[in-house]
Amino acid sequence: MSAHVLSNVVVGLLFVLGIATGVFVRRNRLWREALFELWRRRRVSILVIGVYVLVALLDSIAWVGGGDVEGVAAHEARSVIDRIFEGTREASYSAPLAATSFYGKEPLKAPSRHLLGTDILGRDVFHRTLKGARVALLIGGVTSAIAIPLALLLGVSAGYFGGRLDDVVFFVMSTLASMPGLLLLIALILALGKGTWQICLALGVTSWVGLCRVTRGEAFKLRELDYVQAARALGVSELRIVWRHVLPNLMHLVIITFVLMFSGLVLSEAILAYLGIGLDGSWGQMIDQARDELSRDPVIWWNITAAGTALFALLLAVNFVGDALRDILDPRTLREDL
Amino acid sequence: MLAYMLRRLAYGGLVVLGVLFFLFVLFFAVATPDDIARRALGEKARPEVLEQWKANHGYDRPLWPWQSFDDNLLFDHYRRMLTFDFGNSDADDVPISRRLREGAGASLSLTIPIFVLGGVLGVLLSLFVAFFRETYIDSMGVFLAVLAMSVSILLYIVGAQYLIAKLLRWFPISGFDPDPAVILRFLALPVLVGIVSGVGGDLRFYRTVFVEESSRDYVRTARAKGAGELRVMVAHVLRNGLIPILTRVVVAIPFLFTGSLLLESFFGIPGLGSLTVDAINGNDFATLRVMVFIGALAFVVGQVLTDLSYSLADPRVRLE
Amino acid sequence: MRVLEVSDLVTGFPAGRERIHVIDGVSLYLEAGETLALVGESGCGKSMTALSILRLVPRPGRVEAGKVLLEGRDLLSLAVPDMRNVRGAEISMIFQEPMTSLNPVARVGKQVVEAIRLHEKVGVPAARERTLELFRRAGIPDAEARLDAYPHQLSGGLKQRVMIAMALATRPKVLIADEPTTALDVTIQAQILELLRELKRDFGTAILLITHDIGVVNELADRVAVMYGGRVVEEGDRSQVLGEPAHPYTQGLLRSMPGFATAHERLAEIPGVVPPPAEWPAGCRFDTRCERVLGHCRSEAPAATPVGEGHRVFCHAVASEIGEAP
């Protein structure tokens, strides 16, 4: 299956998942109230995140053909976002909304249309910035899809069942936690090789420990609670207890951790981009490529400003939502590490 | 207590052995000696050149003890790491330990000021903000902290170099000179960036600790006996808040020894961070392994020290 | 002579755009050397009254109106440093939770020494000597060794004795005791009450005793003020309030106490629960749960009706009864 088909399928799945979550939240009073409270406190941040998600989804729906492109590009899948910016590629740098190129002052193909100018290869910077949204959300999404199930499985079974299993999980966690995070990340990527999956896997391996520590502790506490003891006394099987009583009580921790983890992941990717092992098309990469442009004369400032602002605005919104979520859902448990 | 410390050290030793095993799996089993050789010499290298390279670097032996108990890379890896016999760099055959010795001083001269000044600044700022909790100063402080946390360190570095070094010309853009007379000129900017990029997270965390502490009953008691707010914050709240703060500080200890990758490489400081960045760019796995190992070692030792400092900071903690 | 006089005290917390008054016009007084018990269910504003007197209401709450006169000086208008010199020196307070009310990382002796040295210019050795004496007076066995103990090394009862020693260290004129025995075992409760009685006799300190336990009131109090919904509803001598309660709430409260209901009677309960401050009715706060509601109870707050020498009740029903009787 080629990459763009997979991407389209994932968009479809996310759509179904979104509807299912919506239905669940409508039915569940606690979650409904929590989300309403979140909306009341963090309207702007949520809207900002919404815009990023929309852009990322539009950039994920792609197909081959159509439009008036020639050459190799005609056989490549292009997303909705790509199609909006079709035929606007210039020869080289041009300033935001300029009519002529930056050096040489030659007339542009699409004068006054490049909202944020073009980069050294003449690509529209606004286009590239929008495309970064998909990469950033991909980092967060795929990493979480790896880290959260792993952390839940190991954390809950270690905390709930204890014993030898707990010893092993705790040892693995201690081992991973004792290596400096960034170095571990780099080591993993170098060993696994460069690529979207490898990077997300590496980020997943380095980030599951935090969530695992939290879920392990909570599962350990929940095990001792009266209603779990009562369920056990009534002969309910352990697996059913975990499924019905333990996991639902961890969901809020998972969500908070996910949101708070997200900004850390995107920031780590920016560092990886500088080291040359980041994801293609990420804002980190844009910043890395643009940093030398600050020493040109006259200064090319729009590349780094666009990527930096896009990154900053998303992380700010996510951090604000994360803080509010923590206040609303769980004021006490999650204080350290996150 | 001694028994506890010994047990704690023994577990730490076990963790270090675990780290070494993990590194072995990563750099010998996942990325095999063939991969390493190919990355060092290029995809098109001829087989006999690859074999020669492997032989030169000692990678030509079997990996696991069950293949050859007397002569295998796993045991060799453990033996050499644990005796600090790190061997030569994969990239240019320079002894790694020599590189470490050369880089340590530069790294420490950068990381210690960041660690100490950043820590003190974080605690002071958060005490200040917590002092004004539930007022707009507090909300402003938290807002700024989140703001500072949302900026990539790349942008901090590039911004500082452009603004302070290039436009204002207060400090050189990059470079390093260990001569005490001029070292400050070179360190000021990276240290500043290091502090600013870290202080947001510290502030947010420490503030939570202090605000939580200041809502405790004993703080009310202290106020009821007539202690002023300043005295309450310093003598009671800070003293109790030290315990969770210690936990966070320890996590930063390895950073002292592994150096700061980005700061050192951007500001041209020839420390262990730069060494690591060079190792990444040069596919020098031998150096990278050593750096991870040293970081883990520092962390484990730091953890034992934290436990010890817990028992000093909190009379309720007894090490058993 | 009245050492402490609180009049029309109002304390509020912000709730959205409005402010909720958890204390709404409380007036009290304390004669020198007497014990006034402040009684009521949890959430009626007893503790908040005490914290308001000391100006220790947690932010974002604050005292909005009223006067707190300590020997004629209005504490609410004192400058902050002057107020600090009142706390712990002229008015001391002990709290409900001896377990958490002491700083866990400081030795208990040092904490008492701190209390002394905050208000008096004495050296550490002298203050320590006095602390030792106070510990002995507070009935702490093996007092000398206990000076250097940490709070977690002491039992709940001993911690409360340390708190009492700390509160009396500077011989305050007024001692506010907020549920001093609630968190303790029954046997320890009796000992602490005995200690308070002794100290009151020896030191002549006036005590504002906050409690919901009528048994404690009976042991220690000279006068009683009953609070409900942020207001005082009945006030008088102990024998008057406990013997001839006039307010429907006080009557209900006493009927629900095992010690006070007559042997054959079933323990009665007051119907309903205390509503949260945001839902307090506009007129009489007890309106929602009262058996004797009149037409204007809902809209008008009742004024004080004297029903005996120094015995006042805030109730429309009682007022109209008395108005009809003569």
Side-chain angles (χ1 to χ4, degrees), chain B residues 128-142 207-247 306 308-320, chain C residues 14 47 50-51 53-62 80-107 110-120 148-153 159 162-163 166-167 169-170 172 176 178 183:
Chain B
F128 177 79
V129 167
F131 187 88
F132 290 102
R133 68 201 160 278
E134 301 279 348
T135 68
Y136 71 97
I137 296 181
D138 181 25
S139 348
M140 219 40 218
V142 175
R207 175 201 162 267
T208 318
V209 170
F210 290 141
V211 167
E212 206 165 273
E213 276 311 318
S214 22
S215 68
R216 300 228 193 267
D217 288 347
Y218 70 83
V219 174
R220 196 180 52 186
T221 308
R223 291 209 183 97
K225 54 183 180 188
E229 277 302 303
L230 201 64
R231 190 181 167 82
V232 167
M233 287 313 274
V234 175
H236 296 271
V237 171
L238 176 61
R239 181 75 177 74
N240 277 276
L242 276 182
I243 297 150
I245 289 175
L246 276 175
T247 320
T306 329
L308 203 66
S309 55
Y310 274 156
S311 69
L312 296 177
D314 188 346
R316 287 163 297 182
V317 174
R318 298 197 33 224
L319 301 178
E320 272 162 15
Chain C
S47 300
L51 293 176
I53 291 171
L54 281 173
R55 288 176 45 189
L56 286 176
V57 177
R59 271 184 282 196
R62 63 183 164 82
V80 171
D82 296 332
M83 187 63 214
R84 243 173 5 234
N85 292 333
V86 171
R87 290 184 202 132
E90 297 182 72
I91 308 180
S92 291
M93 184 160 176
I94 52 181
F95 298 94
Q96 178 171 0
E97 287 291 338
M99 305 299 169
T100 53
S101 291
L102 288 165
N103 186 342
V105 300
R107 299 176 195 277
K110 207 182 133 199
Q111 298 189 47
V112 180
V113 167
E114 184 193 11
I116 296 172
R117 280 167 48 86
L118 275 168
H119 300 290
E120 292 170 36
D148 290 324
Y150 285 101
H152 71 276
Q153 294 164 331
K159 269 185 249 184
V162 171
M163 285 295 291
M166 187 174 0
T170 49
I176 301 176
D178 186 359

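First the proteins, then the strands, lettered A, B, ... as listed; each starts at 1.
Contact annotation for C/Met83: neither backbone nor side-chain heavy atoms come within less than 4.5 Å of a heavy atom of chain B. Of the atoms belonging to C/Leu56, it is side-chain heavy atoms, and not backbone ones, that fall under 4.5 Å from chain B. For C/Pro104, the parts lying under 4.5 angstrom from a heavy atom of chain B are both the backbone and the side chain. Residue contact with chain B, scored on non-hydrogen atoms closer than 4.5 Å, involves the side chain of C/Met163 exclusively. Of the atoms belonging to C/Ile176, not a single heavy atom falls under 4.5 Å from chain B.
Closest approach of C/Leu118 to B/Gly226, counting heavy atoms only: CD1-C, 4.0 Å. Taking each heavy atom of C/Pro151 and C/Ala106 in turn, the nearest pair found is CD-O, 3.3 Å. Considering every non-hydrogen atom in both B/Gly141 and B/Val129, the closest pair reads CA-CG2, 4.3 Å.
Interatomic distance, CD1 of B/Ile137 versus CZ of B/Phe128, reported as 5.0 Å (0.5 Å rounding).
Of the residues considered (B/Ala227, B/Ala224, B/Ala235, B/Gly228), B/Ala224 shows the highest number of contacts with chain C, using heavy-atom pairs under 4.5 Å.
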Donor-acceptor pairs under 3.5 Å, chain B versus chain C:
unit_1, atom_1, unit_2, atom_2, d
B/Phe131, O, C/Arg59, NH2, 3.1
B/Asp217, OD2, C/Thr100, OG1, 2.5
B/Tyr218, N, C/Thr100, O, 3.1
B/Thr221, OG1, C/Ser101, O, 2.6
B/Ala224, O, C/Gly88, N, 3.0
B/Lys225, O, C/His119, NE2, 2.6
B/Lys225, NZ, C/Gln111, O, 2.8
B/Lys225, NZ, C/Glu114, OE1, 3.0
B/Arg231, NE, C/Glu114, OE2, 2.6
B/Arg231, NH2, C/Glu114, OE2, 3.1
B/His236, ND1, C/Asn103, ND2, 2.9
B/His236, NE2, C/Glu114, OE1, 3.2
B/His236, NE2, C/Glu114, OE2, 3.1
B/Asn240, ND2, C/Asn103, OD1, 2.8

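Counting heavy atoms from C-beta on, the side chains of B/Ile245 and B/Phe210 come closer than 4.5 Å.
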